[in-house]
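Inspection log for the structure reproduced underneath, given as structure tokens.
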Number of protein chains: 2
Amino acid sequence: MALSFISPLLPHHDHNRCREKALQTADRICDNRGVRLTPMRRQVLELIWESHKAIKAYDLLERITPKAGTTKPVTVYRALNFLMEQGLIHKVESLNAFIGCSFSDHQHQQLLLTCSNCQEVEERPAEAVMEAIDRELEQASFTIYYKAIEIHGLCTHCAKIDATANHIIE
Amino acid sequence: MALSFISPLLPHHDHNRCREKALQTADRICDNRGVRLTPMRRQVLELIWESHKAIKAYDLLERITPKAGTTKPVTVYRALNFLMEQGLIHKVESLNAFIGCSFSDHQHQQLLLTCSNCQEVEERPAEAVMEAIDRELEQASFTIYYKAIEIHGLCTHCAKIDATANHIIE
DNA sequence: GTTATTATGTTACTATATAACATTACTTTA
DNA sequence: TAAAGTAATGTTATATAGTAACATAATAAC
């Protein structure tokens with residue numbers, strides 16, 4: 001099976017590059033828009049990009065430096081709100097947690113697939129799904145402001161590991 | 001424009017019938033499954049069906065009788081969890097609130113359309129959307145456990161009212 | 001350099017949800 | 001039908017999530 005690109009969710013991708021790219025993109029986007037990616041906001045974004053798992057506001061709070069543990073909730077929520085407004089992160093509503101957006105320059109509001117085993121979140125533009133939703137909403141004469149499309153289940157890597165484990169046991 | 005059925009979300013539908021039907025369905029479903037729709041659980045379901053707006057756990061708490069105001073959060077959350085397990089209600093994740101399920105006997109996990117103006121929630125089976133999601137997840141080799149598909153925006157009634165209001169102002 | 005604006009700090013609080021264990025209510029069956 | 005087992009609810013306490021209101025600091029605009 002030939003992959004045309006390295007999925008960011010393959011177990012051993014170079015996550016440093018992942019994070020650096022996201023931060024550079026954020027710098028560029030904020031610069032273009034004339035909004036300020038302040039040190040606090042940038043640090044929150046960086047912490048969110050530490051992994052592909054969704055992270056909770058209070059976990060971010062503990063990791064903010066300097067004075068780790070002394071930063072107040074409102075500070076982190078303000079940074080999170082800014083990052084959401086700029087489309088740099090998503091809130092996973094069904095987890096009360098946040099992930100970096102891999103499609104900041106393009107459309108937002110992708111499908112969010114969360115693995116219940118490894119907790120990694122994959123973003124999928126899923127155009128066919130979005131078109132089906134648009135058609136459905138047109139039928140309902142419903143004007144859309146915001147979409148949260150969240151699926152929880154077992155990702156392909158965890159399914160394989162599970163299958164292997166079962167095989168060994170047999 | 002001829003409607004083939006009376007939408008439960010039309011402003012003046014007979015909501016008593018709506019609620020009664022939901023409770024009867026719940027009674028039947030629980031009976032069939034050999035699970036107990038106890039007075040507490042039934043009351044919570046009834047309170048949820050007071051309207052088509054999503055209701056929060058702590059608002060339910062205040063309305064539970066007897067001893068309104070003395071019931072503890074854990075009691076209401078236990079009832080809510082039971083009702084969710086039985087597919088009698090949905091949690092609107094992006095609101096931390098709950099609505100009655102209009103399709104308890106059939107498939108679950110519909111689209112939830114929440115109007116940001118009137119707060120009413122409409123459930124839509126939206127088969128085309130669900131099929132598109134299934135195809136997308138098959139491509140991703142993702143095994144689904146749970147879906148939350150939530151749209152916020154302006155419902156058709158509120159859009160019309162808005163349009164009328166604008167017309168009057170002009 | 002002063003003023004205006006934006007961001008962050010501080011204090012306090014509101015809102016949402018669960019853990020652990022005690023008691024009560026139903027169900028089973030001896 | 002009384003005893004035992006199971007399921008539901010009560011009680012106390014606490015964990016987790018998020019915001020309001022006002023003070024101070026940092027940056028931008030003039």
Side-chain angles (χ1 to χ4, degrees), chain A residues 26-27 30-48 53-86 88-99 119 146 148 150, chain B residues 26-27 30-31 33-48 53-86 88-99 119 148 150:
Chain A
D27 283 330
C30 289
D31 205 47
N32 286 345
R33 293 180 187 164
V35 295
R36 290 163 56 202
L37 191 64
T38 61
M40 175 60 75
R41 290 165 175 177
R42 202 170 194 280
Q43 194 188 356
V44 169
L45 185 59
E46 195 169 357
L47 288 169
I48 288 172
K53 301 187 207 313
I55 186 166
K56 287 169 174 278
Y58 279 71
D59 292 333
L60 288 167
L61 209 50
E62 288 173 358
R63 295 178 199 184
I64 288 171
T65 54
K67 310 179 252 165
T70 70
T71 307
K72 300 296 183 297
V74 72
T75 302
V76 98
Y77 280 105
R78 283 197 282 226
L80 289 168
N81 286 334
F82 171 85
L83 295 170
M84 283 194 285
E85 280 161 15
Q86 299 303 323
L88 299 171
I89 63 171
H90 296 290
K91 178 171 187 183
V92 186
E93 301 283 359
S94 49
L95 292 176
N96 298 322
F98 303 84
I99 54 152
Q119 270 72 55
Y146 170 70
E150 304 178 0
Chain B
D27 283 330
C30 290
D31 205 49
R33 292 180 189 164
V35 296
R36 289 164 56 203
L37 191 63
T38 61
M40 176 61 76
R41 289 164 175 177
R42 202 172 193 280
Q43 194 189 357
V44 169
L45 184 59
E46 196 170 356
L47 289 170
I48 288 173
K53 303 188 205 313
I55 185 166
K56 286 168 175 279
Y58 279 73
D59 291 333
L60 287 167
L61 208 51
E62 288 174 359
R63 294 178 199 184
I64 287 171
T65 56
K67 309 180 252 164
T70 70
T71 307
K72 300 296 184 293
V74 72
T75 302
V76 97
Y77 280 105
R78 283 197 282 227
L80 289 168
N81 286 334
F82 170 85
L83 295 170
M84 282 194 285
E85 280 163 15
Q86 299 303 324
L88 299 172
I89 63 171
H90 297 290
K91 180 172 186 182
V92 186
E93 302 283 358
S94 49
L95 293 177
N96 298 320
F98 303 85
I99 54 153
Q119 270 72 57
E150 305 179 359

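Quick note: numbers below take in every heavy atom, side chains included, and nothing from hydrogens, waters or symmetry partners.
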Without swapping roles, check the side chain of Lys53(B) against the backbone of Ile99(B) for a donor-acceptor pair under 3.5 Å. no
Please list every donor-acceptor pair under 3.5 Å in which a side-chain atom of residues 73-82 of chain A meets a protein atom from a residue at least two apart or in another chain.
from, atom 1, to, atom 2, distance (Å)
Asn81(A), ND2, Tyr77(A), O, 3.2

Take atom CE of Met84(B) and atom C1' of dT16(C), then tell me their distance rounded to the nearest Å. 13 Å
Only counting residues at least two apart or in another chain, list the ones meeting salt bridge (Lys or Arg N to Asp or Glu O under 4.0 Å) with Asp59(A). none
Thr71(B): which of Glu62(B), Met40(B), Arg63(B) passes side chain to side chain contact (heavy atoms under 4.5 Å, CB included): Met40(B)
Report the distance from atom CD of Glu93(B) to atom P of dT16(C), rounded to the nearest whole Å. 14 Å
Treating primed atoms plus P, OP1 and OP2 as sugar-phosphate and everything else as base, which nucleotides of nucleotides 12-24 of chain D get B, S or - for protein heavy atoms under 4.0 Å? B----BBB-----
Over how many whole Å does the gap from Leu37(A) atom CG to dT6(C) atom C1' extend? 15 Å
Arg33(A) CZ to dA28(D) P: how many Å, rounded? 18 Å
dA25(C) OP1/OP2 closer than 4.0 Å to side-chain N/O of Thr38(B): no
Are the side chain of Lys91(B) and the backbone of Ser94(A) linked by a donor-acceptor contact shorter than 3.5 Å? no
Give the angle between the helix axes at the two ends of the helix from dG1(C)-dC30(D) to dA30(C)-dT1(D), taking five base pairs at each end and rounding to 10°. 30°
Separation between CD1 (Ile55(A)) and CZ (Phe98(A)), nearest 0.5 Å, reads 10.5 Å
Between Thr65(B) and Gln43(B), do the side chains contain an N or O donor and an N or O acceptor separated by less than 3.5 Å? yes
Within the structure, does a side-chain N or O atom of Arg41(B) lie under 4.0 Å from either OP1 or OP2 of dT9(D)? yes
Can you list everything that forms a salt bridge (Lys or Arg N to Asp or Glu O under 4.0 Å) with Asp27(B)? Sequence neighbours excluded, please. Arg42(B)
In whole angstrom, give the distance that lies between atom CD of Glu62(B) and atom C1' of dA15(C). 12 Å
Please state how far atom CG in Leu61(B) lies from atom P in dT14(C), giving the value in whole angstrom units. 16 Å
Non-neighbouring partners of Arg41(A) that pass side chain to side chain donor-acceptor pair (under 3.5 Å), sequence neighbours left out: none
How many Å lie between CE on Met40(B) and P on dC26(C), as a whole number? 13 Å
From CG of Leu80(B) across to P of dA8(D) the rounded distance in Å is 15 Å
